[in-house]
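Have a look at the structure below, then the notes.
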Number of protein chains: 2
Amino acid sequence: MPKPGLKETVTDCPAPAQQPRREQILDAALELFAHHGLNNVTTRQIAQRVGISQPSLYAHFPNREAICAEVCLRAMDTLYVMLTTALDPLASLRTRIITLGRNYVQFGLNNEAAYRVAFMGDVTGDELPERDRVMGAGLRAYEVLYALAVEACGGESHDCALLAQSIWASIHGLVSLLLSCREFPWVDIDGFIDRHIDILADQLCRASVQQSGPSMRQI
Amino acid sequence: MPKPGLKETVTDCPAPAQQPRREQILDAALELFAHHGLNNVTTRQIAQRVGISQPSLYAHFPNREAICAEVCLRAMDTLYVMLTTALDPLASLRTRIITLGRNYVQFGLNNEAAYRVAFMGDVTGDELPERDRVMGAGLRAYEVLYALAVEACGGESHDCALLAQSIWASIHGLVSLLLSCREFPWVDIDGFIDRHIDILADQLCRASVQQSGPSMRQI
DNA sequence: CAATTAACCTATCAATGATAGGCTATCATT
DNA sequence: AATGATAGCCTATCATTGATAGGTTAATTG
């Protein structure tokens with residue numbers, strides 16, 4: 001019983017210890033999502049790319065949304081890593097916020113699907129919990145920004161929270177707009193990004209000098 | 001010509017000349033979209049609300065997307081009207097940008113579905129042309145902001161375009177974030193909005209004084 | 001070797017957008 | 001008033017898509 005066929009699915013790949021199915025599925029999904037957008041990819045497409053039948057996906061994930069969620073979650077984790085590892089604690093506040101901003105924008109432009117799910121309400125299905133998990137992962141990125149605002153304001157405060165949220169809104173607007181209006185005649189995208197981030201840096205630094213000027217909090 | 005039965009569909013409503021079917025469909029769709037989101041409303045739901053069969057929709061619109069597009073297009077038209085009529089040409093630049101900003105944000109929060117289609121890439125189907133029409137209508141709102149930037153900069157220029165786009169990104173970010181992260185613990189939404197718009201006003205006014213200060217462009 | 005388990009596959013659902021074809025009533029023309 | 005055209009609807013039916021049911025194969029375990 002040599003049985004040469006049939007087993008191919010598993011023994012196809014020579015030696016490299018064959019990536020587990022679950023990972024293969026996530027990889028295939030990631031690539032398809034990046035190419036066609038989260039909502040233009042069917043479970044059948046994912047399955048075909050992996051080389052298995054469509055129902056087989058459900059042996060590894062409870063539903064389509066879980067696949068989307070996991071792909072996006074992993075992406076948001078890399079965002080957090082990008083933001084934290086890029087910050088040199090010895091650099092000036094201004095340098096750090098600029099670095100943070102550039103990394104944030106770069107991530108958004110390179111990980112559209114995940115960014116949309118986390119921060120643009122791009123829903124992957126009717127269920128909220130999955131999206132909330134992705135958003136939660138994304139919010140860790142906000143925490144990094146918030147920490148900078150705390151430092152600029154010399155401690156946590158109402159104003160400090162407002163500052164952080166305002167800067168977040170501005171930089172998110174940049175990413176969101178670039179993603180959504182790709183064919184808009186931007187004067188000069190790179191210049192636009194740099195300029196916009198510069199303005200945010202100004203905003204943060206203004207708060208910083210205001211705080212260190214009087215050198216005394218009111219109370 | 002008594003003929004009391006059957007004709008009800010048309011003679012049901014007493015005198016008010018019965019709104020045409022097409023309008024009824026758009027009204028029903030608008031309400032459902034506002035309630036459940038553009039992508040969570042089926043053609044059957046729309047039809048049921050109007051009181052006709054689902055295939056009958058296709059006598060008035062080529063497809064579902066056309067219904068979405070028309071609903072959103074009309075909404076974006078009201079945005080343009082809101083922005084233009086609210087601007088008192090005699091008011092200060094600062095007053096006008098603040099008014100513009102507040103109206104823009106208010107519109108976005110009250111017309112989520114349309115705003116998402118126009119500026120957040122919320123696709124109503126696979127077809128792009130319909131979405132482009134909606135975005136085009138939305139871009140007229142940007143033109144109003146752009147005009148303010150031109151005024152602040154004392155004429156069109158590269159910097160003026162950058163200024164307008166930067167302000168647009170910031171205010172769009174505010175709307176987009178509030179729409180997408182509804183459960184985020186915003187310190188104080190109204191304060192956040194006002195503060196954010198104030199900062200945009202500063203940005204615009206700074207460009208204005210810079211221009212009128214030296215009183216000479218660097219040719 | 002038997003039993004368990006993991007991973008698949010085929011067949012099939014239900015929901016959804018869309019099409020085909022026929023019925024009814026109004027209206028213009030004779 | 002009879003006739004033909006047209007508008008507007010309806011029932012039946014598709015194809016696509018996410019998801020489930022039930023059975024089969026093969027590796028693991030006792």
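Every chain is numbered from 1, with letters handed out A, B, ... down the list of sequences.
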According to salt bridge (charged side-chain N to carboxylate O under 4.0 Å, His left out), who are the partners of A:Glu31, at least two apart in sequence or on a separate chain? A:Arg49
May I ask you to verify if any side-chain N or O of B:Ser53 is less than 4.0 angstrom from the OP1 or OP2 atom of D:dC10? yes
Take atom CD in A:Gln48; do more than 12 heavy atoms of anything else shown fall under 6.0 Å from it? no
Do any side-chain nitrogens or oxygens of B:Arg21 fall under 4.0 Å of OP1 or OP2 in D:dC9? yes
Distance in angstrom units between B:His36 NE2 and C:dT16 P, rounded: 13 Å
Heavy-atom side-chain proximity of B:Phe33 to B:Glu112 below 4.5 angstrom: no
Are A:Tyr142 and A:Gln165 close enough that some pair of their side-chain heavy atoms sits under 4.5 Å apart? yes
In whole angstroms, the gap separating C1' of C:dA6 from CD1 of A:Ile25 amounts to 13 Å
For A:Arg140, side chain to side chain donor-acceptor pair (under 3.5 Å) partners two or more places apart: A:Asp77
With sequence neighbours excluded, tell me which residues meet side chain to side chain donor-acceptor pair (under 3.5 Å) with B:Asp132. none
Check: B:Ile193 and B:Leu178 side chains under 4.5 Å, non-hydrogen atoms: yes
Give the rounded distance in Å between these two atoms: CD1 of B:Ile67 and C1' of C:dT16. 13 Å
Using atom CD of A:Gln48 as one end and atom P of C:dC8 as the other, report the distance to the nearest whole Å. 16 Å
Heavy atoms, side chains only, cut-off 4.5 Å: are A:Phe119 and A:Met76 in contact? yes
Could you spell out the base pairing of DNA chain C in dot-bracket, with Watson-Crick or G-U pairs whose two distances are under 3.5 Å, [ ] crossing and | to another strand? ||||||||||||||||||||||||||||||
Could you give the CG-to-C1' distance, from B:Asn39 to C:dA15, as a whole number of Å? 15 Å
If only side-chain N and O atoms of B:His60 are considered, is one of them under 4.0 Å from the OP1 or OP2 phosphate oxygen of D:dA7? no
Just the atom pairs and distances: protein N or O near nucleotides 16-19 of chain D's N or O, under 3.5 Å.
unit_1, atom_1, unit_2, atom_2, d
D:dG18, OP2, A:Thr43, N, 2.8
D:dG18, OP2, A:Thr43, OG1, 2.9
D:dG18, N7, A:Arg44, NH1, 2.9
D:dG18, O6, A:Arg44, NH2, 3.3
D:dA19, OP2, A:Tyr58, OH, 2.6
D:dA19, OP2, A:Arg64, N, 2.8
D:dA19, O5', A:Tyr58, OH, 3.4
D:dA19, N7, A:Gln54, NE2, 2.8
D:dA19, N6, A:Gln54, OE1, 3.1

Using atom types as modelled, flag every donor-acceptor pair under 3.5 Å from a side chain in residues 97-107 of chain B to any protein atom, sequence neighbours excluded.
unit_1, atom_1, unit_2, atom_2, d
B:Thr99, OG1, B:Thr95, O, 2.8
B:Arg102, NE, B:Asp194, OD1, 3.3
B:Arg102, NH2, B:Asp194, OD1, 3.4
B:Asn103, ND2, B:Thr99, O, 2.8
B:Tyr104, OH, B:Tyr115, OH, 2.8
B:Tyr104, OH, B:Trp168, NE1, 3.2

